[in-house]
Structures are given as C-alpha cells and as structure tokens.
Amino acid sequence: MTPSPRAARSLACLLLLAQAPIPSVLAKEASAPAATPAIGQSDAWLYRGSDIPHDPEWHFGELPNGLKYAVRKNGVPPGQVSIRIRVDAGSLYETDAERGYAHLLEHMLFRQSKYLPEGTAIAAFQRLGATFGSDTNAVTSTTQTVFKLDLPNATAASLDETFKLMSGMVTAPTLSASNLKQDLPIVLSEMRERGGASKRVSDAMQKVLYAGQRLADREPIGTMQSLTSATPESVRAFYSRWYRPDNVAVIVAGDADPAMLESYVKKWFGDWRAKGAKASAPSFGDPVAPAGTDARNPVGETRVLVEPDLPPSLMYAVLRPWRQVTDNIAYNQGLMTDSLAQAIINRRLESKARAGGSFLSASVNQQDVSRSADATFVSVTPLGDNWEAALRDVRGVIAEALTRPPTQAEIDREVAEMEVSFQVPVEQQRIAPGGKIADDLVNALDIRETVAAPNDVLGIFQRSKLLFTPDAVLKHTRQLFTGTVTRALFTVQKPGVATDKELRDALMKPVKADAGAQQATLPPVSFATLPPIGAPQKPVTDAPTGLLEIEQLTFANGVKVMLWPVAEEPGRVMVKVRFGGGYRSFDPKDAPYISLGNFALVGSGVGPLGQEDLDRISTGRKMGFDFDVKDAAFELSAETRPQDLADQLYLFAAKLNMPRWDVAPFIRAKEAAKIQYTTFATSPQGVLTRDLQFYQRGQDPRFATPTPAQIEATTPEGFKRVWSEALKEGPVEVQIFGDFDKAAAIADLEKTFGALKARQPAPVSGAMAKMDVPKPSDKPIVLVHHGDPDQAAAVISWPTGGGAMGIRESRQLEILTQIFTNRLMAAVREKLGVSYAPYVYSTWPVDLSAGGAITAVAQVDPKSVNVFFQTADEIAQDLIARPPTTDELALVTEPLRQQVTRAASSTAFFMSQLEGATSDPSRIGTVRTVLGDYTVTTPQAMQALAARYLGKDNSWRLEVMPEGKAK
C-alpha cells in the first residue's frame, strides 16, 4: 500500500502576479470550469482481491486489448500533465543472449517511431515545452521499463500530440539497423561510464547475495558480448515478446479532466493489437542455502573484495523467498510493525555509534528486491582494522532485539515518529506534485501492491496502534532475522584484512546480546524548560515589500525578516536563516574546518541539548536542521509545520545564541571525512566532485576538499574557535514562507530572533573577500583517477561574472547554455557516441562580484578528450560567428518558460529568488522580471553574449585521466 496524495490548485498565477497585476489572469483564476462526472469505478483493477480503501481520485480502466490505465486530476504544478507508460519487463526478463536488450530498447524507442522521424524526438518534445532529461525521460530496471513525460502548459492540442508521439514510440518503433547503429555506441558509452570500483562492488554484491538467481547476473546495462551481438531481428524479437498491450499500463496525473485523459488513452492505444499468446514471465528463482548449511544459522556465500579507494563496508543479508502477497490491511499492519522493529534497532545502533567505538555507522533495512528476495540487510562501516569487533558489536545489538521485547517507551517514540510521517501527507496532499503521484502508482504496480489516499493510510495506522505491543514487535523482529540463507560482502582497502572464510566464520560465531543496547527511559525534554534566547523585543518596522503579500520586519538588533503566509500550501512552512559571511569570511588556513562544519556543527548541540536530546525533543514533530555554507552567508533551513514553527525558530535562534560544543560529533565527522576522501579517486566524476570547484575558484584553498592529513590535523579546540566566531557574525536574515499565522509567527520571532544580541557584520578583509578566477589557458589541468582505464572526463570553462546587478544577464546566460547543450548533445553524443550525457551549465554568484562561469562537461573515453575540447571550441566560435536560428532559440525558451512557470507555483521559488533581499532590496525588483529574463531574447542578443564570454582566449580546461594514461 503506497500513499497516494491528493492535490489541488497551488500557486498557479503567482509568477504573473509578481510581474504586474493582470486582471485577465485574476478573472480566469476566479472562475472554475464546470465539474465533469467521474469515470466509473465499478472494477478498479488495482484493488481486485484487496480490502485497502480505493483512492477515489484515481480512475481505472482496461481496454479491450488488455492495456490497463489509471488517470486522475491533479493541479500541481498548474497546467502540467504527467504521463507514465509502464512496460512490465526489465532485465530479469531477458535470456542470456538478450542481456541489456530492455535498456537498449528504451533508447531505440526514442530514436525513431511511427510519428517521429529518426533523431527528432528531443526537438519534438522541446517544442511542446518539455525539457529532455528532466521532463522527458525513461528508466529501465530489473523488473520494468517506464517512459516518462511531464507535459507543461497542457492543452487539448498538446495533450493529443503528446499521446500520439508517445503511443507511436511504444506501439510502433522503427527498430532499424540504422537505429541500432546509432544507439549502440551510446549504450556502450553508458556502460563504460558506470564502471569502476563502485560498479565492481555492485556486481560482486549481486553475485554473492543472489547466488543461483537470475538477479545475480542481470544488470540492466547488459554485457558487451550480448550488446555487440544484437541485431535488428533479435531486438525486435524481445520487443514483440514483451511490448504488447496486455503487458502495459498507462498512468496519467495532471491538471486536466480525467474523462479527457481517458479519451486520449483510448484514442491512441485502443487500436494496438498483440500478436500471439502472451509470454509468461520467467522464474526469478529463490535464495537457497548451500548444502550442509546449519539451519539454525544458515550462513552461505561470503566474499571479501579489495578496493583501495573505497571505505571499508560490510553488508550481510538475511534472505527469504519473495512471494506475491494480497495487499490488504492486515498485510500493511504487519509492514508497519516491521518498520517499528527496524526503527528501534536503528536508533540503538545510532546511539552506540554516536558514543564512539568500533563502527562509524550501522543500520538494518528490510527490502523486497526485484521480486526475487525478501531480504533484511545489515550494513556496517567499521572504524579501524578491527572489523570483527564492529560486526560483533552490531550483531550484539541485534541479538538483544531478538532476545527481549523493546520497552513500551521505545515503541511509543517510534510510533510518534511514524505518525508524523503519515500525518504530513494528509496535511500537504493539496500540494503533492502530479509527477510524484504518477510515479508512486508505477512503483506500486512494480511491487504488485496498491495505493491509498493519505487520510486512509493515516486512518489504518491509527487504528492499528493497539497492535504495536512489545511482544508483537519482538515477533516481527525475529521474523526479519529469520531466513533461508545469510550471505555477506565485505569491501576492504588492503589485502590481508580478512578472508572469505574468516568473514563466514565471524557470522557463524554465537554472539552475546548487548544488554545495554535497549534505550533507557529518560525524562521528557520540553521546549518549555529551555532557557530563553533573551528579552523579547517587538519589531521596529513592519512594511510591505511591494511584491505579492510579502512583508518585511526589522528588529532593533538588526535582524530582518521576510514573511509570506500562503494558504495555497497547507501544512508546509519553509524557514531559512542566513547569517554571517560564508566562505569569504574564513581565513584560508582554517579551510579544513569548513567541511567539518557541514558534518558536525548541528550535531554538536544547542544550549543544554546534545544530539540525543535534539532527537528526543523533536520526536513526533516535523522539524529540520539543515546547514550549508554559501559564498557570502551561512544558511540554516528547514521544512516544518504550522504547529511546530515556534519551536523550529527557537532551535535556529538558539544555535546562534547558545551553541554547544560536544566533542563526539566532531570526532565522528573527522572519521567520516577521512573515509569519504578516498572514494573520490575511484572515478572521473568523483575527482570532479572533489576538485572542480577548487579550480573554478582559482585554486582558493577554502574551496578545496581537505585531505585526510589536513582533517587529522584539526582539533576540537580549533573547531570551536572557527565556528564560534562564524555563529556570531551578522547580518541575520530570516525568511518564513508558507502556511502559518502571521500574528503568531511575529510573536514567536519576538521571543527568538528579536531577542538576539545585536551582531556585527562578518569581518571580511580585502584578501579574504577576493574570489579568484582561473587564468585562461589552452593547456589543460590534468588530474588522475584510479578507476577503469577507459574512463575520462573533460571540462572546458569560460569565466563570466557575478553580483546582483547582473542577474538579468545571468538568466540570459541560461538560455545561451541551453543552446550550447543542445548543440553539444548533437555533436558529441549523437554523432560521435563518445559520451552519454555531455552538458553545459552557467553559475553566477549573486553575492559576489565575480566567480561565475559557463562550463561544459563530458565523461568520455581517454582518446576522445581532445575531440570534446575541439567540438566545444567549435560550437563556442560558431555561436560567436553566427546567431542561433529562431527555431533553435524556441526549442530552448519554451521549455525554460515552462520550467520557470512551474517552479513559481511554489513559495520555495520566491524564497530562493529573494535570498539577501533584506540587505539588497534591488533583488525584489528582479523577481518581477524573472520570466522575461529567462525567455525573452533575440538571436542577436545570444550572439552578443557569446562574443562577450566565449572567446577562444577566455577559457581554461581540465581533464581527468586514468592513472598511467595522463599526458
């Protein structure tokens, strides 16, 4: 049973209202169309045999040809319709000779079909306003293939055209020799890019955990041998076997009449005819213990894998055969009890890890895997070389959970947490995006379950609370750790740490229950008992900003607040606090403490509350505590609920006013940072994640990923020194947008941020404030990765600018980079087949006067690095020499128009646009022009921008080569 939220109108016309009062828009919003009678629900195929309450928003049907469909109205984002076409076949349905065909077909269906000439799909969907990769996509898994399209600004004509194109793709693809020749290099490139250490671990895990089952060797990407042996005839044979109407479901959720959506399904899929009898799905097999295994502890296959660049990681799984169940209320009550059992163990493991000891982290997690196994996974990240102690300690916590029932207090705590997770979808069901709702139904079909409305899910949970007794949780815990076989994989960094036999022996050893693991019953922690921030103060000014209904408060201590109560976002409040100077306020010699702050600053506590206390005080609440370091500010952010807003504000203000400096989170953060560092070298993308920002910022050490040696040199005293100063910095800006009572929020602000002591702006010296940019050069910076020898990455970047005065130009640069991306995709991906996803993006730091860039990136094979540089240079020079065509511009601006319009249906969009506006009011005005800035331009304006920034002598470049192949 998957929760299926309802959704209604959200902030449909806010973007237009932000630009200017437009009476026609207001009039249109005021008049609702006449209601359409609901489609009949006499035989909802999803719920056959189940007592789960039917979600009344979904309308189900089945065509005479066997195709199933489900449609529903959903108004979030306004005007969008999300279409999903699910084929019940993935890589597990392939024969040995067909491995990779399901995924290959996914590509070929986009290549050419009944209504799409070869290579025109991307442009066709762009003309409809859909961006390829985000709005238009497909995914192949082990058990299904799903084609996705989120159609913005859906009209009767565009919906009809979209259904026509998508139906042609699925029902009548061309699948020619030319198609295969074009798509095969792209798929092989994708295979190459997915290689490396992580892929080796993934492959080893599949082979060990699912030994003897199809899942052990049926990755969707396939094999080189099977793919290179593919012929149009063999691909068509796989297509004919599985792409048939009685094996397909069409799911549609969006801002349209369900009867209209149903009519398009019937019109464009009704004539599809299956040929021959439907094939039976192959048996996926069951996990089976090796002969002679002890039935009381059936440890089977184990493997130790040496990967020097990956952190030590141990996983074992208790496996049971997967069987399709009847998705009814009793079954879901069992799942809820399973979840409680897992949550209790995970909290015990986290408490043990926080206290320090043999493992950095550990968790248990039950999953039904690819309709092949019902598995309980145990994951452990050991600290140091004594992995046996880590495994023993984790198993000891689990053994305790298997020996004694949990306390009622432990159950009550997790029940409170679960209840919030079920309450929030009820409160926010009107703002649930249609794309997510459609995806939820697709996923339910894949796991052979139903969906239910949020209020029904919450009702079932609340009626089930009496079932969550200590004995029931103990029973389910024992079921979770009972199976037909237990298998394990241990990834180590050096040979000699362990052997396959030693790992198996360790799992075979009896383990003593950790009697201290059970969580003690502690006195409740209440916000009412916490010390005040200071003397409450009323705002000295409260004035409209002139934008929508957003108001700005100013307190005597210098804190400025933007408030926007919005009824269209029920149950959700976004809170953001910006303060201090961000990256630019750090002394470069303190750079290692920046990343440690991201790991440990929140965990180090607030006033009298340590990390455990913070967890306890937020039990049964929806509260957040995210922290980020920006160019010129630090940021605390959270999504909360109206009833939790006051306490959320207290936590944020207390972090600034009375920080705590517990050492344990800092020590744990150091270990995590050191472990993580080694993983970056395993692939070109990892190296870019580690180093690209450092080079983009002129090799400023503040933007470097600290090495393990630099991390090791940090101290708790240094951490406190650096971050205590940062937390004292001003100015402070608070944003509260969403569903809240204004008067109550102001009263809460008076007691929290209004009560803070006055702050001085961050003391940023000239040297610290300077943000360098790379010097132009045709000679690439060469970095090295330790991954597969056929993997490389190439980056070419042109510095641009920064600052709020250039916001319009930064938005116009987004248009230019989209044109650049389209050309690069055609030249590199389509013509050469050397990379799966080249892309171009623009950055423009609004809070700094420089530091922006246009950057083109591609993952390629090493011999194609120079080809990529040459191609990118040629495109840049052509954009300078000749303006884009009007049609080429339209392929970019229409999707951008739809992206901006949809984004503006949420207050989060306006919140991001208005960051820093309390200090720089000019940013308020730039919100009014945002739609035009992103969509209104000319070919000549694009040519002028290209000439300004994309000159041949303006760029610098970087390449990531495999070890031993660097130039």
Side-chain angles (χ1 to χ4, degrees), residues 11 14-20 539-566 569 573-585 628-638 649 652 656 729-738 740 742 745-746 749 753-754 756 759 761-762 764 801-811 814 843-849 851-852 900 903-934:
L11 310 176
L14 290 180
L15 184 62
L16 294 173
L17 292 176
Q19 296 177 93
V540 294
T541 64
D542 180 352
T545 61
L547 178 69
L548 302 168
E549 296 176 352
I550 302 172
E551 296 187 26
Q552 180 173 312
L553 311 181
T554 303
F555 288 90
N557 58 6
V559 173
K560 296 181 179 179
V561 183
M562 279 192 168
L563 294 174
W564 191 19
V566 178
E569 292 194 345
V573 187
M574 305 295 295
V575 181
K576 189 178 293 182
V577 178
R578 285 165 53 91
F579 65 96
Y583 275 105
R584 66 177 181 173
S585 66
D628 197 11
V629 182
K630 304 284 187 158
D631 283 327
F634 303 106
E635 186 176 283
L636 294 166
S637 60
L649 291 172
F652 282 171
L656 302 185
E729 295 173 0
V732 176
E733 174 184 89
V734 182
Q735 293 173 298
I736 308 175
F737 286 23
F740 64 92
K742 176 187 169 184
I746 292 176
L749 285 163
F753 285 92
L756 290 174
R759 292 161 171 264
V764 181
M805 295 299 292
I807 284 181
R808 171 173 166 75
E809 183 153 293
S810 76
R811 294 167 177 168
E814 291 288 346
T843 56
W844 185 281
V846 177
D847 294 312
L848 302 174
S849 60
V900 173
S905 66
S906 167
T907 57
F909 171 83
F910 292 91
M911 181 176 264
S912 65
Q913 294 292 318
L914 291 170
E915 287 181 358
T918 58
S919 299
D920 180 8
S922 69
R923 300 186 191 187
I924 297 174
T926 64
V927 177
R928 300 181 185 281
T929 64
V930 62
L931 186 60
D933 291 347
Y934 277 114

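We count residues from 1, following the sequence as given.
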Mind checking the CG-CD1 spacing from Leu553 to Ile736? Nearest 0.5 Å is all I need. 8.5 Å
Looking only at atom types and distance, does a side-chain atom of Ser906 sit under 3.5 Å from a main-chain N or O of Ala903, one as donor and one as acceptor? no
Could you check Leu914 against Met562 for side-chain contact (heavy atoms from CB on, under 4.5 Å), going step by step and ending with a plain yes or no? CA-CA 9 Å; Leu914 291 170; Met562 279 192 168; 4.1 Å; yes
Keeping Asn557 on the side-chain end and Gly754 on the backbone end, is there a donor-acceptor pair under 3.5 Å? yes
Min side-chain heavy-atom separation Arg584-Asp631 under 4.5 Å: no
Tell me whether the rings of Phe634 and Phe579 are parallel (<30°), tilted (30 to 60°) or perpendicular (>60°). tilted
Side chain proximity check, Met911 to Lys576, heavy atoms < 4.5 angstrom: yes
Side chains of Val732 and Arg578 in contact at under 4.5 Å (non-hydrogen atoms): no
Which heavy atom of Ala745 sits nearest a heavy atom of Phe740, and at what distance? CB-CD1, 3.6 Å
So, for Thr843 and Gly851, which heavy atoms are closest and what is the spacing to 0.1 Å? OG1-O, 4.3 Å
Any side-chain heavy-atom pair of Tyr583 and Val629 under 4.5 Å: yes
Show the numbers, then the answer: is there a side-chain contact (heavy atoms from CB on, under 4.5 Å) between Glu814 and Trp844? CA-CA 10 Å; Glu814 291 288 346; Trp844 185 281; over 6 Å; no
About how many Å separate CG of Asp920 and CD of Glu733, when rounded to the nearest 0.5 Å? 10.0 Å
Hey, are the side chains of Val930 and Phe909 touching, using non-hydrogen atoms and a 4.5 Å cut-off? yes
Under a 4.0 Å N-O cut-off, is there an ion pair linking Lys742 with Glu551? yes
Determine, step by step, whether Leu547 and Gln913 satisfy the side-chain contact (heavy atoms from CB on, under 4.5 Å) criterion, reporting the C-alpha distance in whole Å, the side-chain angles of both residues, the deciding distance to 0.1 Å, and the verdict. CA-CA 12 Å; Leu547 178 69; Gln913 294 292 318; over 6 Å; no
Taking every heavy atom of Gly581 against every heavy atom of Ala762, the minimum-distance pair comes out as N-CB, 3.6 Å
From Leu563 atom CG to Ile746 atom CD1, the distance as rounded to the nearest 0.5 Å: 5.5 Å
Test item: Val734 and Lys560 side chains (from C-beta on) under 4.5 Å apart, heavy atoms: no
Taking only Lys NZ, Arg NE, NH1 and NH2, and the carboxylate oxygens of Asp or Glu, determine whether Glu729 and Arg759 approach each other closer than 4.0 Å. no
How far apart are the closest heavy atoms of Ser919 and Pro731, and which atoms are they? OG-CG, 4.1 Å
Report yes if some heavy atom in the side chain of Glu915 is under 4.5 Å from a heavy atom in the side chain of Gln735; otherwise report no. yes
Can Glu569 and Thr907 be counted as having a side-chain donor-acceptor contact under 3.5 angstrom? yes
Between NZ on residue Lys630 and CG on residue Asp847, distance to nearest 0.5 Å: 9.5 Å
CZ-CE distance between Phe737 and Met574, expressed to the nearest 0.5 angstrom: 10.5 Å
Between CD1 on residue Ile550 and OG1 on residue Thr545, distance to nearest 0.5 Å: 5.0 Å
Within the 4.5 Å heavy-atom criterion, are Glu549 and Trp564 side-chain neighbours or not? yes
Any chance you could lay out the side-chain contact (heavy atoms from CB on, under 4.5 Å) test for Phe753 and Leu656, step after step, and finish with the verdict? CA-CA 9 Å; Phe753 285 92; Leu656 302 185; 4.0 Å; yes
